[in-house]
2 protein chains.
Amino acid sequence: MSLTADAADRPTLYKRIRADIEKRILTGEWPPGHRIPFEHELVARYGCSRMTVNKALSELAQADLIERRRRAGSFVRRPQHQSAVLKIADIRAEITALGRSYGYELIGRKLRAATAADRDRLGVKKAGKVVAIACRHSADNVPFAVEDRLIDLSSVPNAATADFSREPPGSWLLHHVPSTEAEHTISAIVADDRTAEALDIAVGAPCLVIDRYTWRSARTITAVRLLYPGDSHRLVARFKGG
Amino acid sequence: MSLTADAADRPTLYKRIRADIEKRILTGEWPPGHRIPFEHELVARYGCSRMTVNKALSELAQADLIERRRRAGSFVRRPQHQSAVLKIADIRAEITALGRSYGYELIGRKLRAATAADRDRLGVKKAGKVVAIACRHSADNVPFAVEDRLIDLSSVPNAATADFSREPPGSWLLHHVPSTEAEHTISAIVADDRTAEALDIAVGAPCLVIDRYTWRSARTITAVRLLYPGDSHRLVARFKGG
DNA sequence: TTGACTTATATGTCTAGACATATAATCGTA
DNA sequence: TACGATTATATGTCTAGACATATAAGTCAA
């Protein structure tokens, strides 16, 4: 009765159930640890089948807002201790998203047998060939970031002949290597002579550093270090809920 | 037949379907844009009901791995342009997770009517009272981060009388204010005299800066700036899939 | 008190249907 | 050719059941 009669064009039922519960959690009405009603109670309250409330609760569980325990019930999870999520975008996308013009410039490219330092950076043990690339990204013709990259040719042989003078290696890899996993490390340094010159900032000025290490099913692909002027560049992360 | 007879103790069917598809996407066998089999085809292939394959596909859609379009089918989504997720943990948790001892020290606390600068920092227009707190976190008795925080008392009146000499304001807020939203900005600066002294580093040394602005349903709660020694502290972000 | 066994129950998964709905494709018409 | 109406179809949601399974709680004996 409540389904078609007075529903008008509200969201679907399971979404409304999910939103109802989410709201109570987010407002603190149901604090962490609180047991939310059993499925059969929600079935009675909303006058629907169990599959419908189950779908709502499953999605809340997937979003880590609640924890479900057999025989015991479903419980509001305690917040993940002020954790947040930061999106590190592709540089070109980042710049164009700001409505600025993107510029790219290859500084240097070398093909060589991996040195001990290279192997260390890539986290591989065996010797092999690598491409080392240095390049610069700019926004509205102002240096935006300098990139220092190593690509493992044993994983990406095509990279040996790729033309990085026009296409940034990041974009190239994105289009030539299927989905990968990556680990980022963010830190801060002060600019040395070379960095200062490349970024057109003062020696000793602060720089934000992003080190990204990328692999694909246990095979190292690439290691890259990005340097941004620390006072002008900012990474923004938003966090919502639980 | 295939369910109980030869299944042994493999994962449940819908999970297996989801994993099968996910694998093909991640290995590149089904590249971005590829149309994955229709539900009724998967029903035939796995010999199950449509609800089962629907559950698998719905979860893949929720994870942004595929896009579902009515009448057209389900398609592999193109990767989210090298975006990543970074967890910014609570400092105490961060330190104890590293197996180091956590130390906390209140440097200063002031209750005052909000100055123009305070209001700007909190993003509020009306005048009101605020608490300004300066404190320091340490790991194994070595300075780990200095914190400079502003709490809006019109949103959190209790904070006026809270004892921040033993409990860090971050933990206190976590326990006294229900779920909030936050925005983080990460940048780099060089240490000035005061910062250098507080962190026991050299003047001019690089520092990682996290500015966090927290609100709750359109009400500002707190604004905090955390300064970390840039060469020793690192934020690590992992990225998987897509 | 402790440990082993039993039972009750909430969640987990699944089915074989149903109708709703957005939209790609087709067809007819101006 | 271009546009508007129609149709076919894949997904979206939902039902009223079913059995599986982990486990909290109760029971009983050592």
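Keep in mind the model is a prediction, meaning the values are calculated, not measured. We use all heavy atoms of the structure for the numbers below, so side chains are in, but hydrogens, waters and symmetry mates are not. Numbers restart at 1 for each chain; the letters A, B, ... are given by sequence-line order, proteins then strands.
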Going by the angle between their ring planes, with limits at 30° and 60°, are A:H137 and A:Y104 parallel, tilted or perpendicular? tilted

In whole angstroms, the gap separating P of C:dT21 from NZ of A:K15 amounts to 13 Å

Residues which pass salt bridge (charged side-chain N to carboxylate O under 4.0 Å, His left out) with A:D140, listed by chain and number, not counting sequence neighbours: A:R100

Please report, rounded to the nearest Å, how far the P atom of C:dA22 is from the CZ atom of B:F38. 19 Å

B:E67 CD to C:dT23 C1', in whole Å, measures 14 Å

Testing the 3.5 Å rule here: is there a donor-acceptor pair between the side chains of A:R149 and A:T222? yes

Charged tip of A:R35 within 45° of A:F38 ring normal and under 6.0 Å: yes

Hey, is A:E105 close enough to A:R136 for a salt bridge, meaning N to O under 4.0 Å? yes

Tell me: CG of A:L60 to P of C:dG12, nearest whole Å? 12 Å

B:D148 with B:R121: basic N within carboxylate O range, under 4.0 Å: yes

Can you confirm whether the side chains of B:Y14 and B:N54 place a donor and an acceptor under 3.5 Å from each other? no

Of B:S58 and A:T52, the one whose nearest nucleotide on DNA chain D sits closer to the 5' end is B:S58

Tell me the interatomic distance from B:R35, atom CZ, to D:dT11, atom C1', rounded to whole angstroms. 13 Å

Would you mind reading off the distance between B:Y14 atom OH and C:dC14 atom P, rounded to a whole angstrom? 8 Å

Any side-chain donor near an acceptor of the partner, A:T220 and A:Y213, under 3.5 Å: yes

By nearest heavy atom, map B:E39 and B:M51 onto DNA chain D; which one lands nearer the 5' end? B:E39

From CG of B:N54 across to C1' of D:dT11 the rounded distance in Å is 8 Å

Would you mind reading off the distance between B:I66 atom CD1 and D:dA10 atom P, rounded to a whole angstrom? 15 Å

Report yes if a side-chain nitrogen or oxygen of B:R68 is closer than 4.0 Å to either non-bridging phosphate oxygen (OP1 or OP2) of D:dG12; otherwise report no. yes

Side-chain donor/acceptor of A:R50 to base of C:dG12, under 3.5 Å: yes

Degree of bending, the helix from C:dT1-D:dA30 to C:dA30-D:dT1 (end axes from five pairs; round to 10°): 20°

How would nucleotides 3-9 of chain C be written as a contact map, 5' to 3', with B for base contact, S for sugar-phosphate-only contact and - for no contact, using protein heavy atoms under 4.0 Å? -----BB

So, is A:K55 close to the D:dC14 phosphate, meaning a side-chain N or O under 4.0 Å from OP1 or OP2? no

Nearest non-hydrogen partners of B:R77 and B:D64, listed with the distance: CD-O, 3.3 Å

